[in-house]
Structures are given as C-alpha cells and as structure tokens.
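Data first, discussion second: the structure below is written as structure tokens.
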Amino acid sequence: MHNNYPSVRTYFLVFGALLLLLIATVGAHFVALGPFQPVVSLGIALLKALLIILFFMHVKASSGLVKLFAAAGFLWLLIFFLLTFGDFATRYWVPTLNQ
Amino acid sequence: MIHLPGLNQASTAAGQVDLLFLVLLGISSFFVLLVSGLLIYFGVKYRHGSSADRSNPPATNNFLEIGWTVALLVIGLPVFVWAASMYFHDEVPPNNVLVINVLGKQWMWEVVHDNGRREINEIHLPVNYPVKLHMISQDVIHSLWIPDFRVKQDVLPGRYTTLWFEATETGEFPLRCAEYCGTQHSGMTGTVFVMEQADYQAWLENAAQGTSLAAQGEQLFSRLGCAACHKLNEQEDGRGPLLLGLYGRTVLLEDGTTITADADYIRRSIVDPQAQIVAGYEPIMPTFANQVDEQDLLALISYIQSLANEDGANQGK
Amino acid sequence: MSEMASEPLGREERTPVSSSPRRPKNYLNTSYTARSWLLTTDHKRIGILYMIAITFFFAVGGIAATTMRLELLTPYGDLVGAETYNKLFTIHGIIMVWFFLIPSIPTTLGNFLIPLMIGAEDLAFPRLNLASWYVFMVGGFVTMAAVIFGGVDTGWTFYTPYSSVYSNTAVALVIVGIVISGFSSIFTGINFIVTIHKMRAPGMTWFRMPLFVWSHYATSLILVLATPVLALVLVLVGIERVFGVGIFDPSLGGDPLLFQHLFWFYSHPAVYIMILPGMGVTSEIVAAFARRRVFGYTFVAFASLAIAILGFLVWGHHMFVSGQSIYAGMVFSVLSFLVAIPSAVKVFNWTATMYKGDIHFDTPMLYALGFIGLFTVGGLTGLFVASLSFDVHVHDSYFVVAHFHYIMVGSTVLAYLGGIHYWWPKISGRLYSAWWGRFSAILIFAGFNLTFFPQFIVGYLGMPRRYYAYAPEFQVYNVLSSAGASILALGYVLPLVYLLYSLQNGRLAPDNPWEATGLEWQTSSPPPTENFLEPPIVTHDAYERPSATISSSTGGQP
Amino acid sequence: MTQTTTQPATPAWPTEDEKLAREREVNALGMWVFLASEIMLFGGLFLVYFVYRFRYPAAFAEGSSELNMWLGALNTAVLLTSSLTMALAVHQARGSSRKTAVLFMLLTMALGLLFLAIKGYEYWQDYQEGLVPGLNFTYSGAEQQAVALFLVLYFVMTALHALHLSIGIVMVGVAIVWGQIRPFAHDPAEPVEMIGLYWHFIDIVWVFLFPVLYLLR
C-alpha cells in the first residue's frame with residue numbers, strides 16, 4: 001500500500017492545479033452565468049475535492065476497500081439529498097384529480 | 001360495510017379505510033398463523049428425542065427463496081396501490097366544497113365560519129356535503145384527528161393545511177389533537193356536530209353575531225390603511241398590486257418566478273411582504289406581522305377572495 | 001479526537017495453562033482491581049461494563065413506563081399531573097431508545113462475541129472501544145442530570161417549534177447528553193466494520209462468518225452513517241433555543257418539516273440498529289437449538305445488508321400527515337413496503353431452519369421463538385402503517401405505539417434476553433437454573449402480549465399517543481394494558497435475580513454446553529484474555545456440525 | 001475480499017510484520033469510516049443550507065454579498081497550502097528524514113492558525129457590521145428574516161468547520177510532541193498519516209463551503 005505513493009513532484013502539480021481552480025471559481029463569480037452559476041461553482045469544488053482525495057489522501061494508491069469507503073459517505077449523502085428535495089420540490093403540486 | 005364496534009363510519013372515506021384494515025388484517029393473520037403454525041408443528045415433530053426422519057435436511061432452496069420474495073411483492077404492492085389511490089383521493093378536495101377555517105392554538109381549537117360565526121372546540125357542519133377545513137396553527141404543530149371520519153391532518157404554524165371529508169351520518173363525533181403540543185395536549189379535544197342541511201343553515205343564520213368574515217376583513221383593510229397603496233378598481237394605479245380578481249390568479253414575481261395567489265401567498269405577502277415582490281413593484285410594503293393575528297389574517301384573506309368573486313374571474317375558493 | 005494510533009501489540013507469549021484445580025486463568029479472574037476494569041481494553045470486559053450500564057438505564061426507563069401505565073389505569077389525570085406525565089413519557093423514550101435499545105445487543109453481546117466468533121484477539125481499536133464506553137457514560141450522566149434538573153417534556157422526537165421555542169424545560173442539557181452518547185455509537189460502528197473486514201481468522205471467508213457477525217456489520221453501517229445526522233439536528237435545535245434564531249421556527253422563516261426530515265433520516269435507520277442485532281442473535285440461537293445449519297444462509301446474510309441499505313430510504317413514512325408532499329408520501333410508502341421484504345425472508349428462513357432439526361426447548365430457544373412470533377406481528381403491522389390512507393387514520397395513535405413496541409420490546413428485548421441466556425455460560429462460566437429461565441421467558445411473552453395487543457385496538461378506535469387523560473370508553477383496554485405491564489415488569493426482574501445468583505452458586509459451565517458450532521464455543525468458558533490459546537483455523541462453513549459431536553438423539557446428522 | 005486459500009494453512013500466530021501491515025490497513029480503514037460519518041455530518045448541514053437557498057434565492061444572494069469574498073478566497077488558498085504541507089509531512093515521515101517531517105507539520109499548524117486568525121477577523125468584521133443574528137443584528141434591507149437565516153447557517157457551518165480545524169491543529173501538535181518522546185515506536189509515520197487524512201478532509205469541507213457561502217449570485 002505504501003510503495004506507490006505519489007512523488008513530491010506530483011504533490012506540487014496537484015497543488016498548482018488546486019490554486020488554478022481556486023482562481024477559476026473566483027473568476028466564475030464575476031461572469032454572469034445565470035442559472036449555470038451553481039453548476040459551475042459546485043463542479044469546480046467537486047474537481048478540487050477529487051484532486052485532494054485521490055492524491056493527497058492517497059486513495060488512488062489505496063486498496064479497493066478504501067475507495068469503497070470513501071465513496072460510501074458521498075453516496076449516502078446523495079440518497080439524503082434526493083429524497084428530501086423530492087419532498088420540497090413537489091410539496092405544492094396539487095393533482096387535478098377531482099376538478 | 002362491515003362495522004367495527006366502538007367506531008362508526010361517519011364519512012365517505014371511513015368505509016374504504018375499514019375495508020383496507022380488514023384486508024390487511026386478513027393478510028397479516030394468514031402469515032402470523034402460517035409462521036407460528038409451522039414453528040409449533042416443526043417444534044413438536046422434530047423435538048429432541050422424537051423419532052422423526054431427519055435425513056439430509058435441505059441447506060437452502062433458491063426456488064423457495066425467490067418464490068416467497070416474489071409472492072410477498074405480488075401481495076404487498078397491490079395493497080400499496082389501493083392505499084395510495086385512496087390517499088390521493090382523500091387529499092384533494094372537490095370543487096364545490098364548504099370551507100370552514102380552523103385555528104389551532106395551545107390547547108384549543110377555534111373554528112371560524114365564513115359568515116363570521118365563531119366556535120371553540122366545536123364544529124357544526126352539514127351532512128352529505130363535502131367540507132374543507134382550512135387550518136393553521138398559532139404556535140406549535142397540532143394535528144386535527146376525527147377518528148369516526150378516519151381523517152387526520154397536521155396543523156402547521158406559518159402555513160395553511162387542508163383536510164376535507166364528507167360526513168354521511170348526523171350526530172356528535174369526537175375530534176382530538178394527535179400531534180404532541182405541550183402540557184394540555186390531551187385536553188385539546190372537541191366535538192363535530194353533523195346536522196341536516198336545514199338545521200345547519202338555521203344554526204348558521206340565527207346565531208350569526210355581527211358581520212361575515214369578509215366584512216370583518218373589509219373593516220381591517222381600511223383600518224390598517226391598505227387602501228392607501230392597494231386600489232380596488234382598475235382606473236387608479238396604486239403603489240401596491242391590484243387586488244381585484246387576485247385570488248387564484250398566477251402572479252409574476254420580481255425574480256421571474258410565477259406563483260398562484262392562494263391563501264398562503266396572500267398570508268405571506270401580509271406577514272413577510274419582502275419575500276415575494278410582484279414584478280414591477282417596489283419592495284416598500286412594511287410587515288404587518290405584529291399588527292394582525294391569525295384570525296385577522298383569515299378575515300383579510302376572506303375579504304380578498306370576496307373581491308375576486310365580484311370580478312367573477314375566480315376559479316373556486 | 002480519539003487516538004487512532006496503534007499501540008504495540010506486545011503480549012506476553014502464550015504459555016499453556018497450568019492445570020490448577022482452581023479455574024484456569026481467564027479474562028474474569030486475571031485481576032479484580034477497579035483499575036483493571038475501568039481501564040481495560042479487553043472487548044469482553046468492556047461488553048460487561050456496557051451490560052451493567054444499560055441494565056441501570058433499562059431500570060430507569062422501566063420505572064417511567066410503569067408509572068405511566070399506573071396513571072393510565074383511569075381516564076382522568078389523577079396519579080400524576082399533565083406536566084409530570086409529559087416528562088415521564090419523554091424520559092421513557094429518550095432513555096429506552098438511546099441508552100438501552102441502541103446499545104443493548106451491539107455493545108454487550110456484539111463487543112463480547114464478534115472477536116471470538118471471527119477468531120481475533122480483540123477488536124481493531126481496543127482503546128477506541130473503551131473510549132466509546134466512557135463517552136456513553138458521560139452522555140448518560142448528562143442526560144440523567146437533565147432528568148433530575150426538572151426533566152424534559154418534548155417527547156423523544158423533539159418536534160420543533162415546541163422543542164425549540166415553546167418548551168421551557170432542560171432541553172438544551174438533554175441534547176448535549178444525547179449528542180455525546182452519539183459518539184459512542186459511531187466509535188462502536190467504526191470498530192465493528194474494520195474488525196470484521198480485517199481481523200478474521202485464516203480460512204474465515206465472508207460466507208463462513210456466523211450470521212450474528214453479518215447482522216452487526218449491517219448495524220454498524222447504520223451506526224456510522226446515520227448517527228451524525230442526529231447529532232447535527234439536535235445541535236441545530238440547541239442553537240435555535242440558545243440564540244433564538246429561526247432555523248426550524250416558522251415565525252422566523254424556518255420550516256419545521258425540515259427538522260422532521262433530518263430527525264427521521266436518523267431515527268428510522270435507528271430502529272433498524274435496534275432490530276438487526278436481534279435478528280443476528282435469533283439466527284444463532286435457532287441454528288444452535290435446532291442442531292442445524294441456518295436455512296438459506298446467503299439470503300439471510302444479504303437480507304441484513306438489504307435492511308441496512310433500504311432502511312435509509314423510508315423515513316418519510318413518519319410524515320404522511322405532516323404536510324409533506326403527496327408525491328413524496330407515495331414514494332416513501334412504496335419503499336416502506338419493499339423494506340419489509342428482507343425482514344419477511346428472514347422470518348421464513350428461521351422457520352425453515354426448524355424443518356428436520358433436533359429441537360431443544362432450552363431458555364434461549366423460547367426467547368428466539370418468542371422473537372420470531374412477535375417480530376412477525378410487529379413487522380406486518382408495519383405494513384399497516386406504511387399503507388398511506390390507513391396511516392392517515394392511525395398516525396400518532398396507540399396503534400403506532402403498539403406497532404413499534406412489538407418490534408422494540410417484543411423482538412429486540414426478547415432477543416437481548418435470549419442472547420444473554422444463550423451466551424451466559426460463555427460470559428460468566430456459570431450455568432443458570434433452566435426452570436427459572438423457561439418460566440420467566442413464558443411470563444414475559446404472556447405479559448408482553450397482554451400489555452401491547454389491546455393498544456392496537458384502542459389506537460384504531462381513536463386514542464391518540466401521549467394522552468394522560470383519555471375518553472372514558474377506552475378505559476377497559478388501558479386497564480388490560482396496565483395489568484400486562486405489571487406482569488412484564490415482574491418478568492424482567494426475574495432474569496436479573498437468577499442470573500446474578502448463578503454467578504456465585506451456578507454450576508460451572510463446560511466449554512460448549514449447548515453443542516453449538518462457532519469459534520466462540522471452541523475456546524474455554526469463560527475465555528482467556530487473549531480469547532484463543534492455540535491459533536484458530538476455520539475449515540468449514542459457519543454452521544457445519546462436525547460429525548464428531550453427533551447428538552445423542554436417534555436421528556444423527558450425516 | 002482478499003482471502004487466503006481455503007485449504008487449512010498450518011495454524012500459526014501472525015508474524016510481527018504481518019501484524020504491522022495489517023495494522024496500517026486497519027488504521028487507514030478506521031479513519032475512512034470515521035470520515036464517512038463526518039461527511040454525513042457536514043452533508044446534513046449542506047442539505048439544510050440548500051433547502052433554504054432553494055426557498056429564499058434572492059435573500060441568500062443578498063446575504064452572501066454581505067460577506068467579504070476576498071477573505072474567503074485567501075482562506076481557501078491558506079488551507080490548500082496547508083494541505084500541501086501536510087501531504088509533504090506525511091511523505092517525509094514515511095520516507096527518510098523525520099526532521100523535515102516535523103518542520104512541515106509545524107508549517108501546517110501555522111497555516112491552520114493563520115486560517116483561524118483570518119476567520120476570527122472576518123467574524124469580528126461581521127459583528128461590527130451588525131450581521132450576527134441573535135447577538136448584534138442591525139441589517140435592515142429587504143427580506144430581513146431570510147438574510148438572518150442565511151447568516152445563521154453561515155455562522156453554524158463555518159464555526160463547525162473551525163472547530164474541526166482546531167481539533168486538527170491540536171492533533172498535529174500532539175503528533176509532533178509524541179514523535180519526540182517515543183521516536184522508536186515501531187511505526188512512527190502511522191499517526192502522521194492518520195492526521196493527514198483528517199486534515200485533508202477538513203480542507204475538502206472548506207473547498208465546498210467557500211463557493212457555496214461566498215460566491216453566490
């Protein structure tokens with residue numbers, strides 16, 4: 001598990017990418033993207049998170065089990081988001097059954 | 001319809017719910033008897049020391065496992081579909097419905113009829129006529145439950161919830177608060193009086209104290225100075241949106257979204273006007289949250305609904 | 001943060017045990033000092049520490065329950081006032097859910113047995129295990145302090161805006177207590193998941209593990225993934241109370257339904273935390289006392305996982321009448337029907353295990369049969385309340401109270417007692433009186449049904465939950481229920497008496513008193529501190545009965 | 001599910017280095033299971049935030065514009081750098097020189113403290129501007145209630161994050177001191193690796209917090 005840890009060079013490369021993405025996300029704030037604004041900002045944040053997980057946290061070099069556990073947390077969160085938003089989005093829909 | 005002792009079926013929904021109960025009871029009894037019967041049978045037959053044939057006991061049987069899983073689905077899902085369709089039907093009131101406002105507050109129910117008649121912990125309503133209870137709470141979450149009608153609906157603070165039914169028997173039926181709401185939660189009970197149509201009208205008329213709800217709303221409308229900004233005819237253009245014919249219409253808001261002008265919209269526009277600015281108007285309306293209580297809001301909303309009626313452009317209350 | 005760093009695994013080398021006439025050295029008699037108990041990292045001793053703690057909390061919750069049942073003998077509030085009654089049912093709820101049911105089987109039997117069953121010396125993080133006990137005790141004391149400083153009257157569900165704005169009781173303090181004890185669940189969950197993955201003996205593949213371990217693996221998934229959301233929502237309620245800001249308070253722009261979503265996202269999986277370990281215990285007991293392999297092992301194992309995963313999708317069935325959207329209600333209803341399937345599969349498999357078995361009706365088997373019967377009733381009434389239009393009628397009524405008590409008390413407590421009686425020889429090295437065991441099992445089964453079956457009826461007839469004064473026509477059912485409660489209370493006291501009695505003068509237990517399979521029965525009773533004297537090797541399936549121990553009955557196993 | 005061959009190996013206790021390898025895997029797995037529970041904790045908070053943003057879009061945008069975006073951006077950069085130094089610390093602790101590992105860990109602690117300082121300054125600034133609901137809230141613009149709700153969520157989320165960061169800083173400090181006192185523990189890099197995982201997780205939480213709270217239009 002420890003022989004294929006990323007080299008120091010990789011760390012600095014990843015760090016550089018993270019800073020660039022930071023600049024990108026701040027830049028995107030000034031561009032009037034309208035409805036795409038949250039999509040872009042969350043997309044960049046997701047990308048940064050993936051970079052950190054895969055390289056800084058060595059998940060890329062870890063066993064399948066660690067990858068599974070890393071993904072499990074986010075998967076459960078997705079369940080939570082989807083079903084809760086299912087309620088909030090459809091709360092005021094009134095079926096036109098009887099009219 | 002099969003009648004369960006101690007609980008009469010006094011609404012259109014009651015018979016269906018009781019039938020669903022009996023079907024579920026039947027299915028459950030079958031499985032309970034099946035499982036306990038097998039447990040007892042195997043227990044006796046294969047008890048230690050008995051000379052039953054115990055050769056090559058099966059370790060597993062995929063056919064059996066898949067079989068009873070599919071069987072459970074085949075039995076379960078139709079029950080879900082039936083129960084869901086009943087629920088779907090019970091949640092949406094028909095058009096021609098008598099609306100009664102119910103105000104839940106810590107530990108009593110205050111009922112306000114459209115003609116202004118008020119009652120505490122009692123609801124008088126006609127038989128064989130769909131009735132919609134338009135409910136809101138003044139403090140915590142309550143829940144209006146009328147066991148004999150098999151209906152229940154939480155009463156939320158800050159938002160109107162509705163509960164509709166059609167009583168099929170005259171008489172007195174208990175109503176109870178089902179959601180825990182504090183010290184006297186168990187004291188928050190009352191009675192529903194279901195009366196013949198004629199008796200109901202007579203009851204409504206003879207004891208009507210003072211003005212109807214809409215009229216009370218009109219007095220409030222002028223007293224609070226709403227008329228200063230909200231004009232009542234198309235000619236004058238006031239600083240506030242025109243309220244004539246507003247109820248039931250879809251309104252375009254400042255941020256581009258549209259919303260139907262129902263009771264909730266009007267209530268929120270009075271209590272928290274900044275939350276929904278109508279397109280083309282300034283956010284200058286102050287909040288009236290501390291000048292009106294829930295009853296005044298009911299009166300104002302009833303008044304605004306009546307404005308729509310004169311205009312004739314209203315799709316149902 | 002708890003130290004995760006490893007501590008060197010230096011153990012004195014294993015010397016064969018000298019055959020002194022006195023009991024050989026085991027985890028109990030290695031040392032009797034308080035320090036050896038309070039600072040132990042031995043999973044077996046921590047299991048016993050938990051057992052003592054939750055027995056105390058079970059007593060507190062039980063006293064609250066009996067007082068409520070006495071009050072409900074009459075339709076009017078004459079024994080205790082409304083204030084006190086509301087505090088009683090809140091204490092009963094909080095203590096029983098978080099300080100007895102959730103820790104009951106995982107932290108006592110789970111802690112004690114999982115390393116033994118998979119052939120490990122201890123759990124993956126022994127010191128984290130001790131930390132989980134201390135966190136549990138601190139949470140328990142803070143909660144008991146809140147109870148003593150005037151109690152809480154919000155119900156264990158803490159619905160806002162009552163809990164955050166209108167209740168003037170020690171809500172913030174009890175929230176601190178519950179959140180602290182939440183860490184205990186997370187630590188136990190972490191320990192079990194990593195131990196089951198990484199510390200199995202050679203040859204112990206996933207499908208050679210006992211079903212007890214499978215059910216605890218599924219339970220740990222829920223413990224780890226659901227508990228944080230409870231801590232979050234209770235902290236938000238605490239913040240709202242202390243700073244008067246409106247996260248869930250509608251008058252300040254919040255939404256009480258969002259509280260219900262967050263609360264039930266934890267609290268429904270929490271009921272699966274309570275039942276899954278009970279299923280694991282039942283699988284072990286039925287297999288042992290029917291002297292047979294569990295029927296459909298893989299289906300029962302995957303059913304545990306299915307329950308854990310589907311259990312996260314169904315919380316909305318608590319909110320059918322709460323003003324939740326109709327469509328969400330329908331989605332949650334169909335998912336609730338699906339989550340019932342794995343439970344039913346398990347019940348059928350236990351029943352099929354009895355087929356062609358060699359059934360011994362010892363005390364644990366009576367508890368397991370009681371579990372299967374009552375869990376079938378509890379589970380099926382779950383389908384009643386999952387049907388939308390029926391739940392509209394019975395939501396927040398005694399029908400629902402009866403349903404969840406059939407699962408929590410009828411199933412989980414019976415399984416807990418069954419497990420205690422099944423592994424008591426292994427835990428204490430002593431045998432208890434078989435007659436008293438059977439008698440108390442039957443007494444509890446009878447008392448339980450008399451207590452909770454009338455509640456189904458009175459709930460359907462219209463008696464709401466949490467009423468201390470009710471309509472006079474419901475009195476007959478409540479009197480029956482209170483009568484049953486007194487029998488049940490007696491039934492629960494009996495095991496405490498004869499089990500403690502057996503500690504001193506029970507007969508010494510052999511290593512495998514019930515001729516059961518499983519690694520825990522291959523080591524001594526009570527086991528040595530390092531669990532196994534020679535390294536355990538697993539060569540056959542979980543419940544394969546080695547032909548060497550053909551039971552004396554005529555029809556032996558092949 | 002790596003599993004030894006099913007035919008029974010000769011029964012023997014695991015050797016020392018077998019135990020060491022398993023030890024490292026066990027710790028990493030344990031930390032990841034703990035991080036899964038932390039994901040659910042912060043995830044629940046993000047859900048509360050998104051539900052209310054879905055309901056009050058204009059007010060949340062208004063509230064977000066009250067915050068000082070540049071301090072947020074600076075803090076993100078600080079935390080990303082601290083992630084780099086933490087990763088290098090783990091690298092050095094695994095590799096040859098423990099001295100540089102301690103140096104990088106000290107650097108990580110410093111960056112963590114810098115983040116907390118900037119955050120503290122930002123809180124103080126918000127307090128001065130009367131943006132703290134419950135304590136000093138003098139915001140009088142449109143949709144006062146919903147803006148107050150945004151700010152409550154802002155403070156709860158960032159305070160919870162800051163609390164976790166402070167715990168992280170303390171743990172790094174403990175690891176340094178522990179490394180000096182008992183340097184010959186059989187696997188000195190193990191605690192550093194674990195704290196590294198935790199530290200990177202806290203950084204990831206901030207990576208999501210920054211755009212969600214500050215860059216809202």
Side-chain angles (χ1 to χ4, degrees), chain C residues 1-9 14 121 124-125 128 186-187 189-191 193-195 197-200 202-206 208 220 223-229 231-233 235-236 239-240 242-248 251-255 258 261-262 265-266 534-539, chain D residues 1 3-14 16 19 22-27 29-31 33-34 36-45 47-48 51-52 55-56 59 133-135 143 145-146 148-149 151-153 156 160 167-168 170-171 174-175 178 185-187 190-191 194 198:
Chain C
M1 192 50 60
S2 60
E3 74 294 336
M4 302 289 267
S6 63
E7 39 99 355
L9 277 181
R14 272 161 218 81
E121 291 154 23
F125 309 109
L128 184 67
I186 295 175
F187 292 167
I190 294 171
N191 240 323
I193 289 174
V194 175
T195 305
H197 265 290
K198 285 295 167 188
M199 303 186 67
R200 283 172 277 127
M204 171 75 81
T205 64
W206 276 88
R208 285 183 175 167
S220 305
L223 280 171
V224 166
L225 291 171
T227 312
V229 177
L232 171 69
V233 75
V235 162
L236 289 179
I239 287 170
E240 199 173 314
V242 168
F243 293 102
V245 289
I247 302 169
F248 301 120
S251 61
L252 295 170
D255 182 0
L258 183 57
H261 273 296
L262 289 162
F265 178 81
Y266 163 77
E534 67 292 335
I537 285 296
V538 177
T539 51
Chain D
M1 316 298 187
Q3 206 40 53
T4 55
T5 53
T6 47
Q7 41 83 5
T10 54
W13 295 108
E16 266 314 302
K19 234 205 284 282
R22 189 178 68 182
E23 182 70 31
R24 198 168 291 145
E25 262 179 64
V26 155
N27 282 335
L29 214 52
M31 181 47 93
V33 173
F34 176 70
S37 81
E38 290 283 319
I39 288 170
M40 291 306 289
L41 179 72
F42 282 100
L45 211 45
L47 176 68
V48 171
V51 162
Y52 284 135
R55 171 172 289 191
Y56 305 113
L135 296 177
E143 297 198 59
Q145 250 186 8
L149 188 56
L151 288 166
V152 164
L153 290 175
V156 168
L160 191 65
I167 294 169
V170 165
M171 277 166 57
V174 163
W178 194 351
H186 69 283
D187 190 352
E190 200 47 35
M194 290 306 109
Y198 177 81

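Below, chain A is the first sequence line, B the second, and so on; all start at residue 1.
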Requested in this report: List for me each residue that meets side-chain contact (heavy atoms from CB on, under 4.5 Å) alongside C:Leu232, sequence neighbours excluded, and say none if there are none.
Outcome: C:Leu236, D:Leu41, D:Leu45

**Report entry** side-chain contact (heavy atoms from CB on, under 4.5 Å) partners for C:Leu223, two or more places apart
**Finding:** C:Ile102, C:Ser185, C:Thr219, C:Ile273

With only heavy atoms counted, which part of [X] is less than 4.5 Å from chain D, the side chain, the backbone, both or neither?
X: C:Phe248; result: both
X: C:Ile239; result: side chain
X: C:Leu225; result: both
X: C:Asn191; result: neither

Report task. Report the option among C:Val233, C:Asp255, C:Val242, C:Val245 that has the most heavy-atom pairs separated by less than 4.5 Å from atoms of chain D. Result -> C:Asp255

Report task. With a 4.5 Å cut-off on heavy-atom pairs, point out which of C:Leu262, C:Val229, C:Thr227, C:Leu258 contacts chain D the most. Result -> C:Leu258

Query raised in the report: With respect to chain C, which residue among D:Leu153, D:Val152, D:Ile39 yields the maximal number of heavy-atom pairs within a distance under 4.5 Å?
Result: D:Val152

For [X], is it the side chain, the backbone, both, or neither that has a heavy atom closer than 4.5 Å to a heavy atom of chain C?
X: D:Tyr56; result: side chain
X: D:Ala36; result: both
X: D:Val48; result: both
X: D:Leu29; result: both
X: D:Val26; result: both

At their closest point, which heavy atom of [X] faces which heavy atom of [Y], and how far apart are they?
X: C:Leu252; Y: D:Gln145; value: CA-NE2, 3.4 Å
X: D:Asn27; Y: C:Phe125; value: OD1-CE2, 3.2 Å
X: D:Gly30; Y: C:Ile190; value: O-CG2, 3.8 Å
X: C:Met199; Y: D:Arg22; value: CE-NH2, 3.9 Å

Report summary line: In this structure, CZ of D:Phe34 is separated from CG of C:Leu128 (nearest 0.5 Å) by 9.5 Å

Report task. Hey, could you give me the OH/CE distance between C:Tyr266 and D:Met40, rounded to the nearest 0.5 Å? Result -> 13.0 Å

